[in-house]
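Given the structure is predicted, the values throughout are model-derived calculations rather than measurements.
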Amino acid sequence: MAPNFSVYSHPIFRPREMPITTPAMTLVRDELTRCVWTRQTGAIITGQSRAGKTSACRQIERSPILNRDGSNVPVLYVSIPHRDQSTIKAVFRQLCLSSDLKISDRDNSDTLCHLYFHHILDRIHSSPSPNVLLLVDEFQRLSPDQFDAFAEIYDVSQRGGIDLTTVFIGNDPECRDLVEKLESDQFSHIYGRFFRHRLAFTGLASEHQVASCLRQYDTLRYPDDGPSYTGFFLPQAVQEGWRFESLAPDLWRIFSEYRSAARITSWGMQYFSSTINTLLSDVLPHCGVENHRDEHIHECIRISGLLPGLVKPKG
């Protein structure tokens with residue numbers, strides 16, 4: 001291990017900064033690029049909780065999608081919190097707070113809307129393209145009426161010559177009732193503007209996809225001029241030619257036992273990352289790469305919280 005770097009500074013202990021890319025994340029990037037290039041006004045992305053939707057958003061924040069000319073598309077991100085009051089002003093406040101804008105309790109909706117719009121202007125000031133991407137996470141926490149805030153932001157942006165694409169990201173099935181309400185004639189102006197384009201987000205769905213993720217542990221380095229993620233924790237094994245990717249068949253076989261019993265279709269990225277990181281940082285250094293057993297992987301899956309996460313109320 002590199003002597004100047006603490007073990008706990010390693011990216012695997014900072015999950016929100018992990019650069020591991022899944023096929024679903026790549027698909028999201030491709031679809032959002034298409035939306036921006038074709039000047040779509042909006043889209044929705046839905047998937048099970050802990051599938052990796054927020055991680056996909058954060059990756060796009062860190063490494064923005066590109067305009068046709070190769071320039072970065074400015075990305076704005078907001079996560080909708082639980083609130084007692086479901087008002088349009090509350091949405092504008094959260095938009096401003098998410099961008100660290102200075103606001104006061106006296107600011108009304110008009111003030112907050114225009115403050116956020118000027119923030120959008122500031123973001124595209126140095127960009128040769130008028131495209132902006134707004135990512136709205138946890139949209140299932142919104143009420144139908146609150147979507148008017150995003151319609152107003154879009155209208156103001158249009159008048160200012162900005163092509164704003166607003167993408168709503170939510171948990172399925174929690175968002176289903178909300179989407180059904182927005183399909184009614186009362187909210188046709190919202191549905192038509194933002195909900196025509198849909199993308200289902202899934203976790204890892206095959207041994208091949210698990211192997212692809214493990215391969216990234218074998219190639220990504222920390223620090224940049226240091227060992228691979230795998231080599232950071234298992235230097236001798238890697239020096240002897242062992243690779244984390246070789247565990248893909250065992251990992252998928254054991255996960256498939258839970259998949260069949262719980263009737264789930266994919267391995268959510270949060271549960272997968274927790275399983276893999278525990279295996280890499282704690283279990284394999286202790287037992288050795290040649291001595292691991294199925295019980296070790298079962299224990300790492302249990303520690304990840306996958307089983308409690310699969311418990312759902314009846315009805």
Side-chain angles (χ1 to χ4, degrees), residues 16-17 19 21 25-45 53-81 88-104 107-139 142 146-170 189-190 192-199:
R16 290 185 179 275
E17 300 176 27
T21 299
M25 292 177 180
T26 300
L27 178 60
V28 165
R29 178 176 291 275
D30 291 345
E31 288 297 318
L32 294 189
T33 299
R34 187 175 296 109
C35 284
V36 170
W37 283 19
T38 57
R39 301 176 66 186
Q40 300 299 320
T41 55
I44 66 170
I45 300 171
K53 301 184 298 300
T54 298
S55 295
C57 293
R58 293 303 190 185
Q59 280 201 11
I60 290 174
E61 272 196 299
R62 292 193 298 268
S63 179
I65 64 176
L66 302 179
N67 286 301
R68 292 180 184 272
D69 63 1
S71 61
N72 289 341
V73 175
V75 179
L76 299 168
Y77 173 85
V78 61
S79 181
I80 304 299
I88 292 176
K89 180 180 177 179
V91 173
F92 286 134
R93 282 183 56 83
Q94 192 60 35
L95 285 168
C96 291
L97 291 172
S98 69
S99 295
D100 297 324
L101 303 181
K102 187 176 181 180
I103 61 176
S104 73
D107 292 333
N108 60 29
S109 293
D110 287 340
T111 300
L112 295 170
C113 178
H114 285 282
L115 180 63
Y116 192 70
F117 168 67
H118 284 289
H119 175 63
I120 295 175
L121 286 177
D122 289 340
R123 290 295 306 272
I124 68 169
H125 179 70
S126 59
S127 175
S129 171
N131 297 320
V132 176
L133 183 63
L134 172 58
L135 304 177
V136 183
D137 205 359
E138 306 288 358
F139 84 87
L142 293 165
Q146 286 182 302
F147 284 87
D148 279 328
F150 298 100
E152 185 173 349
I153 287 288
Y154 173 81
D155 290 339
V156 173
S157 297
Q158 279 292 96
R159 291 195 294 271
I162 298 171
D163 290 325
L164 178 64
T165 299
T166 305
V167 180
F168 295 95
I169 303 100
H189 64 294
I190 298 298
R193 182 173 293 182
F194 299 123
F195 282 69
R196 292 293 185 188
H197 298 272
R198 298 191 186 187
L199 178 63

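For the 3.5 Å distance criterion, the side chains of D30 and T33 fail to qualify, holding no donor opposite an acceptor.
Once rounded to the nearest 0.5 Å, the distance linking CZ of F194 with OG1 of T165 reads 10.0 Å. Remark: L135 CG to R58 CZ distance equals 9.5 Å, nearest 0.5 Å. The line from CD1 of I45 to CG of L199 is 5.5 Å long, rounded to the nearest 0.5 Å. Rounded to the nearest 0.5 Å, atoms CE (M25) and CD1 (I60) are 9.5 Å apart. One distance of note links CG of L32 with CD of Q40; it measures 11.5 Å at 0.5 Å rounding.
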For residues 116-123, run the donor-acceptor check on the side chains, cut-off 3.5 Å, and write out each pair with its distance to 0.1 Å, sequence neighbours left out.
unit_1	atom_1	unit_2	atom_2	d
H119	NE2	S99	OG	3.3
R123	NH1	V75	O	3.2
R123	NH2	V75	O	3.4

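Looking at V132 and L76, their side chains come closer than 4.5 Å, going by heavy atoms from C-beta outward. With contacts defined as side-chain heavy-atom distances shorter than 4.5 Å, the pair S63/R29 qualifies. Side chains of R93 and D107 form no contact here, defined as non-hydrogen atoms less than 4.5 Å apart. Contact check for V156 versus C113: side-chain heavy atoms found under the 4.5 Å cut-off. Residues F92 and L115 are not in side-chain contact: their nearest non-hydrogen atoms beyond the backbone lie 4.5 Å or more apart. Using a 4.5 Å heavy-atom threshold, the side chains of T26 and T21 count as touching. The side-chain heavy atoms of V167 and V136, taken from C-beta on, include no pair separated by under 4.5 Å. Residues Q158 and L164 form no side-chain contact, since every pair of their non-hydrogen atoms from C-beta on lies 4.5 Å or further apart.
Using the six-membered ring where Trp is involved, F168 and F195 have ring planes that are parallel, under 30° apart on the 30 and 60° scheme.
In this structure, R193 pairs ionically with D155, as a charged nitrogen and a carboxylate oxygen lie closer than 4.0 Å.
The number of heavy-atom neighbours closer than 6.0 Å to CZ of R198, taken from other residues, nucleotides and ligands shown, is above 12.
Remark: D100 pairs with no residue by the side-chain contact (heavy atoms from CB on, under 4.5 Å) rule, at least two apart or across chains.
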